[in-house]
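Comments concern the structure below.
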Amino acid sequence: MFKLIKWLLLLTVILGLASTAVVYGVLSLSLPALDGNGRSNAVVEPVKISRDALGQAVINANSRNDAAYGLGYAHGQDRFFQMDLLRRNAAGELSELFGEAALGLDKKMRFHQLRKRSKIILQTLPEADKQLLKIYAQGVNEGLAQVGYSSFEYLLTGATQKAWQSEDSLLVIFSMYLDLQSATFERDQALIQIEQAYTKQMVDFLTQPSKYQAALDGSKLTPYSGGIPTLPTQTQLAVKSIEANQERGSNNWAVTGALTKTGAGMLSDDMHLSMAVPVIWYRTQLNYIQNGAPTQVTGVSLPGAPAIVVGTNNNIAWGFTNGYLDTADWIALNDESKTWQVDESIALPDGEVENYSLILSQYGPVKYINEKPYALSWAAHQPYAVNMQLLKLEQAKNVDDALGVASDVGIPVQNLMVVDSQGSAAWKNIGGIPARKTPSELGVNADDYSVLWQENELERPFVKNPQSGRLWTGNSRVVSAEDNARFGNGGYALGARSSQIRDRLFEKQTFAESDFYALQLDNQARFLMPWHALLLKQLKADKTKNQQYITALENWQQCACSTSTGYTLVKRYRNEVINILFSNMEDELNKQQGTLKYVKRDLEPAVWRLINNKPDSWLNSQFKSWDAQLLGAFNQTITKLTEQFGNNVQSWQWGKVNELVIEHPFAKQMPLLAKLLNMPTAQGFGDSYMPAVQGRSFGASQRFIAQPGHLEHAIMAIPGGQSGHPLSEFYRSGFNDYVEGKHTPLLPQELIHQIVIEPTQ
């Protein structure tokens, strides 16, 4: 019997090794070749595609079109499945890959009809841009063809790889609209529902300006002067957890040459997005000839698009944060409003089709909000939404050139921060902004609809070389209070992060790259200090019972540090106070398919006004007094932490609670592949409302710092590797440097691979 068990164990091990070998063998077939030669009729002169030890793609070409081919080739080799997901997500075509599980998401995306819009916009582009997109697409398809075998994602889904088309690159840009601006019209919908269920006063109360305002001109919005609205009596119900929408945002700041040793301007940019494997950005350097002069552009590209999104050409350096101007309105339809129905066919695996119908109007697609029809007018639906004008930044010689381009670029509206080698620094909104003059966070009557929705706003404020030599943005209001009335609030961040960045910039008179990097990693918990004081006061009412929690709070380090248990308690306590105060409202909105999710980050000023005034109508029916209510929030905090992490308080340290977990989409469905596909987990460092933004799968998708003309110390740190192939040497390249806060060079290092594509004779 012993021998039989021994042989069975041995057989199990052998079968396990054999199956592992088969898996690795199949995967290895789809690894791209990084060295060699090829030919293409898409290039006019030879194109070199080199890679360094991080896998950064270095493209050398004699023209911008040939460079686009080389970039497409590298994207097709390393990131095609990611690109496929981006275009399918925007077009509402994921069900063809994932079946009925994706139907709900596809229907949500089909509401915007972005595939049709991409085709229409493509035909309106200048011939030069059409040609560039065509050549880029051919590069993608030929890079993919070089691999020879479908990647494992297609083997697992049984789907067929579809060739890249020019319009797909426009869909990739539209995917960023969906990621960066959906919260704008979702927030407006929530405010419409709050107004209908309660009053306009309630809307004003919940969205009142905060004390954390960091506009570049120092202006403040008029404070809310109304009283606290009475909350209607609700039946007792369990406290609901109100989910917070992830703040698709970013930080950037700049100083003029007066504050650097080199005399050049210096820029910092870190874009905050959801993190997955592979990471969204792709390290790229383009080298080509334009108008007889050499051009070198280094930064990050978005696989699927032929442009450097954020980077430097050594004359200027530029970066973005999400603008959050009001780029969407819900138009309340009336009896005279004309509507019509269109049918969409959503492909499923094996040739099956799901039919989906939606209603359109002259103002946009129609949705029922509280049983009333509203049409969505959104910048992404307009003809100026997407174009290739971003490429013009590559040829900018100075800040003025970049500012001149900003109004024409077709991307989701961003805060452009730009510096140049001559020492200038500037800010301006770049991207599509509707020219209509009266944005609204509530419904707009159809009779008041403006035809200016069809036009892009060309006149926009900007700031160049301020007297202080400092500029900053962090997704809160940047424009003056006066300009705010013109451009509107599309879901601005509260302003705590921007304020902290601004204040840090005024602590020093001279800056180097290391100073900017330290600010990117600043996780001081300034925003939570009032919450810390409130909670400590609550707990000290019973020191004997709460001593271990009091000790943790007194040693909280005042930061989102990995070893801080006190930070976890304060952060979670604030969340539970909000849950208790707004559970009744959330329940009421849920009845109308609404939620406070997109309004939650507005609530801070209102919450403190409630805490300080303790109005009876805002006392949750579970509690007899406000003190009991606030203590109940802490008890709920402890209950949830215990359920999640056990009853050992040391296991509640922020580094564990907010652990960085960057996963491949397939690892969640196939846990056995997790070790192969996911990035290593890392202790949490940072949080929201501070410069060092980090959640469990959210945070700085890159950290970029540069002084044009002096790039030897420039930094580009990214939380993941270049390749989407788990067996690639570049799959996790750069990840450890990112989590350890190392200064990963922007510029390519020693080149170790090279492909040469010759023109077909």
Side-chain angles (χ1 to χ4, degrees), residues 110-126 170 173-174 177-178 180-189 191-192 195 323-342 358-369 372-389 405-414 428-461 479 482-491:
R110 289 294 178 98
F111 180 76
H112 304 290
Q113 296 192 301
L114 297 180
R115 170 71 74 181
K116 292 179 180 178
R117 297 184 194 281
S118 294
K119 290 180 178 180
I120 293 170
I121 289 175
L122 178 64
Q123 297 308 311
T124 67
L125 293 179
L170 305 186
I173 302 174
F174 274 127
Y177 268 98
L178 293 166
L180 298 174
Q181 290 190 2
S182 292
T184 295
F185 56 79
E186 297 283 9
R187 177 178 178 269
D188 283 1
Q189 176 181 330
L191 295 179
I192 290 170
E195 181 188 36
Y324 281 108
L325 301 184
D326 190 349
T327 57
D329 286 331
W330 287 104
I331 311 300
L333 303 184
N334 54 39
D335 293 339
E336 285 72 42
S337 302
K338 294 181 180 180
T339 62
W340 60 93
Q341 180 176 303
V342 297
L358 66 152
I359 300 172
L360 299 181
S361 73
Q362 67 185 89
Y363 316 111
V366 177
K367 179 178 182 178
Y368 280 78
I369 302 175
K372 297 179 181 179
Y374 288 81
L376 177 62
S377 280
W378 180 25
H381 296 164
Q382 309 308 324
Y384 51 80
V386 172
N387 59 39
M388 292 290 105
Q389 295 299 302
V405 169
S407 298
D408 300 323
V409 174
I411 59 173
V413 62
Q414 302 288 292
K428 189 176 185 179
N429 284 125
I430 187 171
I433 302 174
R436 61 85 164 87
K437 305 301 181 185
T438 53
S440 176
E441 297 172 60
L442 298 172
V444 176
N445 291 326
D447 293 339
D448 297 326
Y449 177 80
S450 171
V451 294
L452 291 176
W453 259 107
Q454 313 301 318
E455 299 179 18
N456 184 38
E457 177 61 78
L458 299 180
E459 298 297 324
R460 358 186 135 185
V479 301
E482 180 181 357
D483 283 331
N484 183 67
R486 159 64 190 90
F487 293 100
N489 180 354

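Because the structure is predicted, anything quoted here is derived from the model rather than measured.
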Listed partners of Ile120 passing side chain to side chain contact (heavy atoms under 4.5 Å, CB included), at least two apart:
none
Is a side-chain donor or acceptor of Asn456 paired with a backbone partner of Gly432 at a separation under 3.5 angstrom?
no
Quick one, Asn489 and Arg187 - any side-chain contact, counting heavy atoms below 4.5 Å?
yes
Going from CD1 on Ile192 to OG on Ser440, what distance comes out if it is rounded to the nearest 0.5 angstrom?
7.5 Å
Quick one: list whatever passes side chain to side chain donor-acceptor pair (under 3.5 Å) with Asn484, sequence neighbours left out.
none
For Ala385 and Ala379, work out which heavy atoms get closest and say how close.
CB-O, 3.4 Å
Could you check whether Asp326 pairs with Arg436 (Lys NZ or Arg NE/NH1/NH2 to Asp/Glu carboxylate O, under 4.0 Å)?
yes
Let me see the working for Tyr177 and Leu114 under side chain to side chain contact (heavy atoms under 4.5 Å, CB included), right down to the final yes or no.
CA-CA 11 Å; Tyr177 268 98; Leu114 297 180; over 6 Å; no
Search all heavy atoms of Asn387 against all heavy atoms of Asp408 and return the closest pair with its distance.
ND2-O, 2.9 Å
Given side chains that start at C-beta, do those of Pro365 and Gln113 come closer than 4.5 Å, heavy atoms only?
no
State, yes or no, whether a side-chain contact exists between Trp330 and Lys367 at a heavy-atom distance under 4.5 Å.
yes
Min side-chain heavy-atom separation Gln389-Leu125 under 4.5 Å
no
For Glu457, side chain to side chain donor-acceptor pair (under 3.5 Å) partners two or more places apart:
Lys437, Arg486
Would you compute the distance between atom CD of Gln382 and atom CD1 of Ile121 and round it to the nearest 0.5 angstrom?
9.5 Å
List the atom of Leu191, the atom of Glu441, and the distance in Å for their closest heavy-atom pair.
CD1-OE1, 3.6 Å
With sequence neighbours excluded, what pairs up with Trp378 under the side chain to side chain donor-acceptor pair (under 3.5 Å) test?
Gln181
Side-chain donor-acceptor pairs of residues 442-452 under 3.5 Å, sequence neighbours excluded:
residue, atom, partner, partner atom, Å
Asp447, OD1, Asn334, ND2, 3.4
Tyr449, OH, Gln454, NE2, 3.0
Ser450, OG, Leu452, N, 3.1

Side chain to side chain contact (heavy atoms under 4.5 Å, CB included) between Leu170 and Met388: does it pass, once the steps are laid out?
CA-CA 9 Å; Leu170 305 186; Met388 292 290 105; 3.9 Å; yes
Residues two or more places apart in sequence or in another chain: which of them pass side chain to side chain contact (heavy atoms under 4.5 Å, CB included) with Asp483?
Pro461, Val479, Ser480, Phe487
For the student: nearest non-hydrogen atoms of Phe111 and Val366, plus distance:
CE1-O, 3.3 Å
Nearest non-hydrogen partners of Trp340 and Ser361, listed with the distance:
CH2-C, 3.6 Å
Inter-residue atom distance Ile433.CD1 - Leu325.CG, 0.5 Å rounding
5.0 Å
Kindly say whether Pro434 contributes a backbone atom to a donor-acceptor pair with the side chain of Trp453 at under 3.5 angstrom?
no
Under the 3.5 angstrom rule, does the side chain of Arg117 hit a backbone N or O of Ala380 as a donor-acceptor pair?
no
Are the side chains of Ser407 and Lys428 in touch, meaning some heavy atoms are under 4.5 Å apart?
yes
Under 3.5 Å donor-acceptor, Ser377 side chain and Asp329 backbone:
no
Quick one: closest heavy-atom pair of Ile359 and Tyr368, and the distance?
CD1-CE1, 4.4 Å
